[in-house]
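Ligands are counted one by one from 1 in listed order, and the atoms in each one are counted from 1 as well. We number each residue from 1, following the sequence as shown. Below, each value reflects all heavy atoms present in this structure, side chains not excepted, and no hydrogens, waters or symmetry copies.
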Amino acid sequence: MSIKIQAGTLSKKLKKLFNPGAGIHPEYCKQESLQRPVTRMQSTPAVDLILPLQQHMGNKPDVLVRPGDYVYKGQPLAAAKGDVSVPIHASSSGTIIAIEERPIPHPSGLNDMCIILRPDGKQDCGDSSMAAIVDYRQADEETLRTRICEAGIVGLGGAVFPAAIKLNVRPGIPIDTLVINGAECEPYITCDDMLMRDKADEIIAGAQIMLHILKSHAPEGQKQQCLIGIEDNKPAAIAAMRKAVANSGDQCLKVIAVPTVYPAGGEKQLIQTLTGKEVPSGHRPADIGVICHNVATSRAIYRAVVLGEPLISRYVTVTGAGVQQPQNIEVDFGTPIAALIEYAGGYTEQALQLVMGGPMMGVSLTNDMIPVVKATNCVLVQPAVKEQAALPCIRCGKCAEACPADLLPQQLYWHARAKDYEKAEAYKLFDCIECGCCAYVCPSHIPLVDYYRFAKSEVRAAKVAKQKAELARKRHDFHVERLERAKRERAERLAKHKKKAVSGDKKDAIQAALERAKAKKAKAAEAKAQTEAAPDNTQGIVKEDSAS
Ligand code: SF4
Ligand code: SF4
């Protein structure tokens, strides 16, 4: 199904396209994967599921199972640890056969801890399901946020930040707009397009749940709105979403077609396009009254709340000249990419490069036994890309013109290359969304984004090292202070004791002196008494003398 977008629709609805003139128009190559309907690939005992513990931003969850345990589909396998974390659930019923390090989809190419689950093919949910909150309007926001966290929901647009935290806005912060991101601007990727065509009602229901959670943040005297931004190269998705909005009867929801330009789907870029408001450097959308979630996240929220389903699968685009039958597949997390490609008819002779994500922001994968995770929106199999040798920068300024974040990529490049990270930060290194527009237009073929990524990782590592050093210094200071306090207290105790001893000696001396004086007095009194008691011989003699 396709619709014709009415002339004038865009100009009336759009506030301001991000940084006009910025962005690029690469070859989109989306049609290949839109030719087939979406199918559900079920897990089978023949293919083990590999579930990395770290599939989201934040803390790694704590493992709840051991090898040999039987688990039901949807059962939590690892529990959220700390505030920024989500649990991991079993994508299928079956047996845990190992908990060990395996390669994960990450630019580092390193291994990480994974739970290996052998499916039994029964899809048995047992009694592990969460209770459905059918009438979510009767539930308070905390209950709904807890459910979203318990269901393991993260941003499915690629950021994989826990969704419940994004919806937990600090008290007193007004939120006037919920943005639902259906722009999907990266070439080749069509999973959100197909999701909007197939599950528009569920996406809209998820958006309504989010509005319910955010309703206490409505600015005084103002109604909240929900703007759903979709690039105008997806007419079928726009039509399906508009129909779902009409079915909901909810006046605050609006579907807005945005111009097709890469990267229209960047969070800050879409917010600016839809609302006219710019998220300042170093701030979050909530600071300007906006919360933004991807369409797939919205659908997952609906299913978690109203149906009690945890997040265990997603739509994934499998495409590129290296795949026999490009298409979108709903696939369980943990499924190895090799099995997914086989499901899509296998590799073609041109298959040489494997990428998770699109050609602009994707991560190159080293092998196809890496699993589908929550962040996997696309598996792109391409022929070998001819690497062009980088030439010196000619200061043409094309990179700055293309940058949607209004940065100076050339200066960022110089400072990143010179490892002068302080200056790179001063040029807003961390505002770079790694969209790759600058590298795309650079006539010298400089891999600019690689420099920025490396610089960011170095700055982050230095910050972590500084924090650790600071912590170690504080611990050392505390230890020294404790020792000194103990020494001080001991000295005080000793002094007190001595004082007591000295005053005791003095008392003894006084007592002895008193006793001596008393004894002397007593002796004197005794001597006097004896003197008085003795016979008066002198008187007797006188008497005898007078008688004679
Ligand atoms: S586009 Fe490339 S060559 Fe031109 S200024 Fe930027 S980095 Fe230099
Ligand atoms: S990768 Fe960064 S610097 Fe380059 S265009 Fe995108 S946002 Fe700008």
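Checked against K463 for a salt bridge (Lys or Arg N to Asp or Glu O under 4.0 Å), the options E458, E470, E425 give a single hit: E425. Here the options are V381, V318, N367, L365, the test is side-chain contact (heavy atoms from CB on, under 4.5 Å), and the partner is I337; only L365 passes.
Contact atoms of ligand 2 toward P404: 5 (S) (distance under 4.0 Å to a heavy atom of the residue). Those atoms of ligand 1 with a heavy atom of Q410 less than 4.0 angstrom away are 5 (S). The distance from ligand 2 to the heavy atoms of Y452 drops below 4.0 Å at these ligand atoms: 3 (S), 4 (Fe). Close contacts between ligand 1 and R395 involve ligand atoms 5 (S), 8 (Fe) [criterion: under 4.0 Å to a heavy atom]. Numbered from 1 in the order shown, with element, the atoms of ligand 2 that lie under 4.0 Å from a heavy atom of G436 read 1 (S), 6 (Fe). Close approach of ligand 1 to P443 (heavy-atom distance below 4.0 Å) involves ligand atoms 1 (S). Of all atoms in ligand 1, listed by their number and element, those nearer than 4.0 Å to a heavy atom of S444 are 3 (S). The atoms of ligand 1 that sit less than 4.0 Å from any heavy atom of G397 are 4 (Fe), 5 (S).
Taking atom 8 (Fe) of ligand 2 as the reference point, the nearest protein heavy-atom neighbour is C403 SG, 2.4 Å. Protein heavy atom at the shortest distance from atom 4 (Fe) of ligand 1 is C396 SG, 2.3 Å. Remark: minimum distance from atom 7 (S) of ligand 1 to any protein heavy atom is reached at C393 SG, 3.9 Å. Atom 2 (Fe) of ligand 2 has C432 SG, 2.4 Å as its closest protein atom, hydrogens excluded (heavy atom only). The shortest contact between atom 3 (S) of ligand 1 and any protein heavy atom is with I394 N, 3.4 Å. Among protein heavy atoms, atom 6 (Fe) of ligand 1 sits closest to C399 SG, 2.4 Å.
Within 6.0 Å of NZ on K428 lie no more than 12 heavy atoms contributed by other residues, nucleotides or ligands. Environment of CD in Q35: crowded, with over 12 heavy atoms of neighbouring residues, nucleotides or ligands closer than 6.0 Å.
Contact analysis puts I433 in contact with ligand 2, with a non-hydrogen atom separation below 4.0 angstrom. The shortest heavy-atom distance from A22 to ligand 2 is not under 4.0 Å.
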